[in-house]
Amino acid sequence: GILSIHDVAFHVIPSGPYAYDLTTRRPLVDGTAQDAPDISGRDFSGLRAPAGAGTLFIGGDLARDTRGEVMQAFVDEANAAGGPVVVLSAAPRKPAAMGYARYWRNRLRNLGLEARPELVTLTPDTDFAALAGRLAGAGAIFFTGKDQALMADLVAQMEAAGAADALRGWWTSGGVMLADNAAAAALGVSMSAESSASGDQSSDSFLDGYLAMAPGLGLVNAVIEPRAFYDYLYGRLVSHVMADPATPAVGLERATGLRVTTDEVRVMGVEAAIIIDGRYAQTMAVGDNDAFAATWLLIDTFPTGTTIE
């Protein structure tokens with residue numbers, strides 16, 4: 001089975017005045033031990049949706065399980081909401097974006113989606129001013145993309161044209177949405193603006209300034225990193241916590257997702273979610289080798305079927 005662990009201390013110890021006492025199990029900074037913080041009031045209620053918002057599904061790459069629990073739950077919610085369904089597909093060029101949109105439309109229809117979705121492409125050449133109008137009348141939106149560097153650029157263009165405000169307003173007024181893979185990353189306060197995860201599997205991802213970051217759409221008060229276990233993206237999660245300790249960094253595995261409502265955040269699918277939390281950290285610095293120094297970060301894992309609270 002998948003481990004469910006909570007409130008586990010995590011320290012990043014680089015070269016320099018940083019050490020760890022194995023006897024007392026305390027990090028040392030300049031020779032001084034740091035005691036554990038008081039985390040008695042710690043929770044994740046800030047991840048829930050605001051009052052009046054629709055159900056939000058956040059996928060860690062659902063291509064591995066297109067007939068799975070997360071996809072079926074979205075189809076059920078979209079059918080219940082009624083109205084048109086939009087598949088919003090991001091890619092560098094329109095033919096590729098349309099190809100992905102058709103693929104996901106067919107998967108949704110095979111699961112029993114009643115409406116025939118409108119296919120909307122999101123590329124650097126999109127008319128972003130007109131995009132808001134195309135999304136406004138939807139009852140549900142399926143938002144997908146694979147490249148987070150491209151997605152970061154597209155989010156910036158959406159913000160500049162007012163389409164991002166329209167999407168946020170649509171969701172907070174009750175719209176149902178599923179965002180998967182790079183689109184999931186775009187929902188956070190900030191996001192990793194990287195095309196490939198291959199370089200982030202090394203220890204270099206723990207170096208200050210290594211990871212390119214960009215603002216996200218801010219629908220959830222977190223950073224979202226899809227494919228976190230499969231692509232070994234722990235350095236990305238730590239990088240975001242170092243940049244913004246007040247915002248938890250959430251990693252999702254493939255075929256896994258979150259169902260976010262005003263009442264709860266539930267993990268769905270076949271794997272787990274991991275959270276790295278810097279809200280109680282005592283040291284957030286950089287070592288002599290430009291690697292991060294962090295003490296009293298906290299790690300939690302949430303298998304499917306559990307709630308993040």
Side-chain angles (χ1 to χ4, degrees), residues 10 12 42-50 56-61 90 143 145-156 158-159 164 167-168 171 177-197 199-201 205-254 256-260 265 267 271-281 284 292 294 297-302 308-309:
F10 174 40
V12 183
R42 180 173 181 253
D43 65 30
F44 294 107
S45 58
L47 301 182
R48 297 174 193 159
L56 178 64
F57 296 91
I58 306 174
D61 187 356
F143 185 14
K146 293 185 175 182
D147 184 335
Q148 288 183 213
L150 172 65
M151 186 64 74
D153 290 340
L154 296 173
V155 166
M158 290 174 68
E159 291 285 3
L167 181 63
R168 286 188 289 263
W171 173 62
M177 180 161 62
L178 189 157
D180 187 42
N181 206 342
L187 297 187
V189 175
S190 63
M191 62 182 293
S192 300
E194 299 281 357
S195 295
S196 170
D200 297 335
Q201 296 175 2
S205 60
F206 286 86
L207 294 177
D208 183 42
Y210 178 85
L211 182 68
M213 303 180 190
L217 292 165
L219 272 71
V220 291
N221 189 28
V223 170
I224 305 295
E225 208 55 78
R227 300 169 56 96
F229 299 142
Y230 186 78
D231 287 332
Y232 302 98
L233 300 181
Y234 313 110
R236 282 194 184 186
L237 296 172
V238 171
S239 294
H240 280 286
V241 169
M242 294 295 294
D244 182 8
T247 301
V250 180
L252 293 174
E253 188 44 273
R254 300 180 304 163
T256 305
L258 303 179
R259 181 180 183 272
V260 180
V265 178
V267 184
E271 295 286 347
I274 182 173
I275 296 181
I276 297 183
D277 184 0
R279 292 177 294 171
Y280 297 86
M284 304 286 270
F292 295 129
L297 303 179
L298 298 170
I299 290 180
D300 299 81
T301 62
F302 299 88
I308 298 176
E309 53 190 6

Residues A214 and A193: closest non-hydrogen pair is CB-CB, 4.1 Å
Under the side-chain hydrogen bond (donor to acceptor under 3.5 Å, both in side chains) rule, collect the residues that match up with Q148, sequence neighbours excluded.
E225
Look only at the side chain of S239 and the backbone of L237, and say whether a donor-acceptor pair between them is shorter than 3.5 Å.
no
Who are the side-chain hydrogen bond (donor to acceptor under 3.5 Å, both in side chains) partners of D244, not counting sequence neighbours?
T247
R227: which residues meet the salt bridge (Lys or Arg N to Asp or Glu O under 4.0 Å) condition with it, sequence neighbours left out?
D61, D231
Could you pull out the closest heavy-atom pair between A246 and P248, with the gap in Å?
O-CD, 3.6 Å
Tell me, do W171 and L219 make a side-chain contact under 4.5 Å, heavy atoms counted?
yes
Assess the residue pair H240 and L211 against the criterion (side chain to side chain contact (heavy atoms under 4.5 Å, CB included)); give the C-alpha distance rounded to whole Å, side-chain angles, the decisive distance to 0.1 Å, and a yes or no.
CA-CA 9 Å; H240 280 286; L211 182 68; 3.8 Å; yes
Between CD of E159 and CG of L167, what distance do you get to the nearest 0.5 Å?
9.5 Å
How many angstroms lie between CG in L154 and CG in L217, if you round to the nearest 0.5 Å?
10.5 Å
Mind checking whether Y210 and E194 have side chains closer than 4.5 Å, heavy atoms only?
no
To the nearest 0.5 Å, what is the distance between CZ on R48 and CG on L56?
15.0 Å
Taking it one step at a time, do V250 and L258 satisfy side chain to side chain contact (heavy atoms under 4.5 Å, CB included)?
CA-CA 10 Å; V250 180; L258 303 179; 4.3 Å; yes
Heavy-atom closest pair (A186 atom, V155 atom, distance to 0.1 Å) is CB-CG2, 3.8 Å
Just verifying a value: how many Å separate I308 CD1 and D43 CG, rounded to the nearest 0.5 Å?
12.0 Å
On a heavy-atom basis, which atom in D147 and which in L150 lie closest, and how many Å separate them?
OD1-N, 3.1 Å
What heavy-atom pair brings G59 and A184 nearest, and what distance separates the two atoms?
O-CB, 3.2 Å
Taking the side chain as C-beta and beyond, is there a heavy-atom pair between F44 and F302 under 4.5 Å?
yes
Return the OH to CG distance between Y280 and L297, rounded to the nearest 0.5 Å.
13.5 Å
For N181, give me all partners under side-chain hydrogen bond (donor to acceptor under 3.5 Å, both in side chains), at least two apart in sequence or on another chain.
none
Tell me, do D277 and V241 make a side-chain contact under 4.5 Å, heavy atoms counted?
no
Treating R236 as the side-chain partner and S205 as the backbone partner, does any N or O pair qualify as donor plus acceptor under 3.5 Å?
no
Sequence neighbours excluded, which residues qualify as side-chain hydrogen bond (donor to acceptor under 3.5 Å, both in side chains) partners of D300?
H6, R42
To the closest 0.5 Å, what do you measure between CD1 (I224) and OG (S192)?
11.0 Å
Just to verify, what does E309 make a salt bridge (Lys or Arg N to Asp or Glu O under 4.0 Å) with, not counting sequence neighbours?
none
Specify the closest pair of heavy atoms between M191 and A185, including all atoms of both residues, with the distance to one decimal.
CB-O, 3.5 Å
Check: T256 side chain, E271 main-chain N or O, donor-acceptor pair, under 3.5 Å:
yes
Any non-hydrogen side-chain atom of V220 less than 4.5 Å from a side-chain atom of L47?
no
